[in-house]
Amino acid sequence: MSRTETSDFETLSETQLTRSERYRQLIDELVLAPARIVWHDWRARIAVVIISGFLFLGTVGVRLVDEPRTNQGDRLVGAFRTLEHPLGTTASGVDILSQITYATVPMLQMITAGAVFSVVMATAIGTTSGYKGGVVDRVLMTVTDVLLTIPGLPLVIVLAGVLPIGGNPYAIGVLLSINAWAGLARALRSQVLTLRDAEYVEASRIMGVSTPKILSADIIPNLMPYITMNFVQQARAVIFGSVGLYFLGILPYNRTNWGVMMSDAVRQAGATSSVAAFHWLLMPMLAVILLSMGLTLFAQSADRLFNPRVRARHAKTIGGDETDEVSS
């Protein structure tokens, strides 16, 4: 090859993006394309509305609604009877809307802590085990298998009685996910086994890229749809687990909780057989169902958010593709 000839690896693009165009492209890929996907998917729209509503209750709502206390109104006022107490009152005159609003805060804290703990543990152990193999794989999978054999509910009950967690929602969220990560770690390890021999991963390995960099840049992005769906599934598991254990009086608490509300409605007013008190039981149940439905719809739509073909179809990249028709 003569000196005047140019290698294919030294060929430069005929067009170069300016800094502002690169920023616009980055915003389009990370913000606008996901927003367009959400807008074109009815499940994602409903999920965003529901989840945003509960986030609004947990942040702004607690500043707008009075803190629940006894004798806020007449006893056992039915739902949608008065504007002063739109969701009714309890047997001691506590406003149910204020109870649900203030119970949203610890619920969001619990599901965030539990889901983050479960996904981080599973991702770290599952990907490391699958990529490294050998002794590391055997040790990590032995620990994972041991945790898989321990029944989750008895373990949570024992630890709740032994550990000084008080009513800390973050600690309770982690406690409810104490061994839930093991199943996800096993599933992630299986998927990493199929990715670690991919050509681009092998190229990174030959170039001497470190293991954490390969895992974070080459492997984990391919697992994000699966990780995201499991994040949402674990959030739902924390909701159901916490409400059930609070209803049974197993978990300690120092703040209003949807499970405690249902327990009080049944035990203090016989809400399962009393029409006058049924709204006291129904409202926290609807809150649980609504939040769970929002998370489920978000999980179903998450696959489209991380699907590269769908993202490419909704991305209006710099360079004249703005006129492309966006289809759902």
Side-chain angles (χ1 to χ4, degrees), residues 43 45-69 72-73 76-115 167 169-170 172-173 176 231-251 253-269 271-272 274-299:
R43 297 170 303 180
R45 288 202 299 269
I46 296 175
V48 168
V49 170
I50 293 175
I51 295 174
S52 300
F54 279 98
L55 290 176
F56 179 82
L57 276 183
T59 53
V60 180
V62 293
R63 302 179 185 278
L64 301 177
V65 179
D66 293 335
E67 195 169 348
R69 64 181 187 280
Q72 283 181 291
L76 290 179
V77 175
F80 312 116
R81 302 288 180 81
T82 66
L83 292 177
E84 188 177 2
H85 307 290
L87 300 185
T89 61
T90 69
S92 56
V94 181
D95 183 59
I96 292 177
L97 175 60
S98 65
Q99 281 191 318
I100 288 180
T101 301
Y102 279 83
T104 300
V105 180
M107 179 58 71
L108 294 177
Q109 293 169 340
M110 275 189 291
I111 64 178
T112 301
Y170 295 109
I172 292 174
L176 292 171
F231 179 90
V232 177
Q233 294 299 331
Q234 185 55 34
R236 293 177 64 246
V238 170
I239 295 173
F240 296 142
S242 64
V243 170
L245 292 176
Y246 275 122
F247 182 86
L248 296 174
I250 294 174
L251 291 177
Y253 68 94
N254 51 21
R255 301 164 73 178
T256 305
N257 182 275
W258 295 341
V260 175
M261 289 177 64
M262 289 190 276
S263 176
D264 291 342
V266 173
R267 293 170 184 170
Q268 295 180 17
T272 54
S274 172
V275 176
F278 184 69
H279 67 282
W280 188 1
L281 175 64
L282 178 64
M283 294 306 160
M285 288 177 61
L286 289 177
V288 172
I289 293 171
L290 196 60
L291 181 56
S292 301
M293 186 178 71
L295 292 172
T296 301
L297 292 174
F298 180 79

Original post:
Nearest heavy-atom pair of L108 and G58: which atoms, and what distance?
Top reply: CD1-CA, 4.3 Å
Report, one line per pair, each donor and acceptor closer than 3.5 Å where one atom sits in a side chain of residues 285-295; sequence neighbours left out.
residue: S292; atom: OG; partner: V288; partner atom: O; Å: 2.8

Original post:
Hey, what do you get for OH (Y246) to CE (M110), rounding to the nearest 0.5 Å?
Top reply: 4.5 Å
Subject >> Taking every non-hydrogen atom, the tightest pair across S242 and M107 >> reply: OG-CE, 3.6 Å
Subject >> Value rounded to 0.5 Å, distance of CD1 in I172 from OH in Y253 >> reply: 11.5 Å
N/O donor to acceptor pairs below 3.5 angstrom from side-chain atoms of residues 83-94, sequence neighbours left out:
residue: H85; atom: ND1; partner: D95; partner atom: OD1; Å: 3.0
residue: H85; atom: NE2; partner: Q72; partner atom: O; Å: 3.4
residue: T89; atom: OG1; partner: D74; partner atom: O; Å: 2.6
residue: T89; atom: OG1; partner: L76; partner atom: N; Å: 3.2
residue: T89; atom: OG1; partner: V77; partner atom: N; Å: 2.8
residue: T90; atom: OG1; partner: S92; partner atom: N; Å: 3.3
residue: T90; atom: OG1; partner: S92; partner atom: OG; Å: 3.3
residue: T90; atom: OG1; partner: V94; partner atom: N; Å: 3.1

Subject >> CG-CG distance between D264 and N257, expressed to the nearest 0.5 angstrom >> reply: 10.0 Å
Original post:
Rounded to the nearest 0.5 Å, what separation is found between the OG1 atom of T101 and the CZ atom of F54?
Top reply: 10.0 Å
**OP:** Give a yes or no on whether F231 atom CZ has more than 12 heavy-atom contacts from other residues, nucleotides or ligands under 6.0 Å away.
**Re:** yes
Original post:
If you draw a 6.0 Å radius around CZ in R81, do more than 12 non-hydrogen atoms from other residues or ligands fall strictly inside?
Top reply: no
**OP:** Could you walk me through whether V238 and Q234 pass the side-chain contact (heavy atoms from CB on, under 4.5 Å) test, one step at a time?
**Re:** CA-CA 6 Å; V238 170; Q234 185 55 34; 3.8 Å; yes
Subject >> Closest contact, heavy atoms only, W258 versus I100 >> reply: NE1-O, 3.5 Å
Subject >> Residues that R43 engages under salt bridge (charged side-chain N to carboxylate O under 4.0 Å, His left out), provided they are two or more places apart >> reply: D41
**OP:** Assess whether side-chain contact (heavy atoms from CB on, under 4.5 Å) is satisfied between F247 and V266, documenting all intermediate values.
**Re:** CA-CA 10 Å; F247 182 86; V266 173; 4.0 Å; yes
Original post:
Taking it one step at a time, do V65 and S98 satisfy side-chain contact (heavy atoms from CB on, under 4.5 Å)?
Top reply: CA-CA 6 Å; V65 179; S98 65; 3.5 Å; yes
Original post:
Do side-chain atoms of S263 reach the backbone of G259 as a donor and acceptor pair under 3.5 angstrom?
Top reply: no
Original post:
Which heavy atom in A115 sits nearest to a heavy atom in A235, and how many Å separate them?
Top reply: CB-N, 4.1 Å
Original post:
Does S274 use its side chain to pair, donor to acceptor, with the backbone of A271 at less than 3.5 Å?
Top reply: no
**OP:** Can you measure from CH2 (W280) to CD (Q99) and round to the nearest 0.5 angstrom?
**Re:** 7.5 Å
Subject >> Residue pair T112, Y170: steps toward the side-chain contact (heavy atoms from CB on, under 4.5 Å) verdict >> reply: CA-CA 8 Å; T112 301; Y170 295 109; 5.7 Å; no
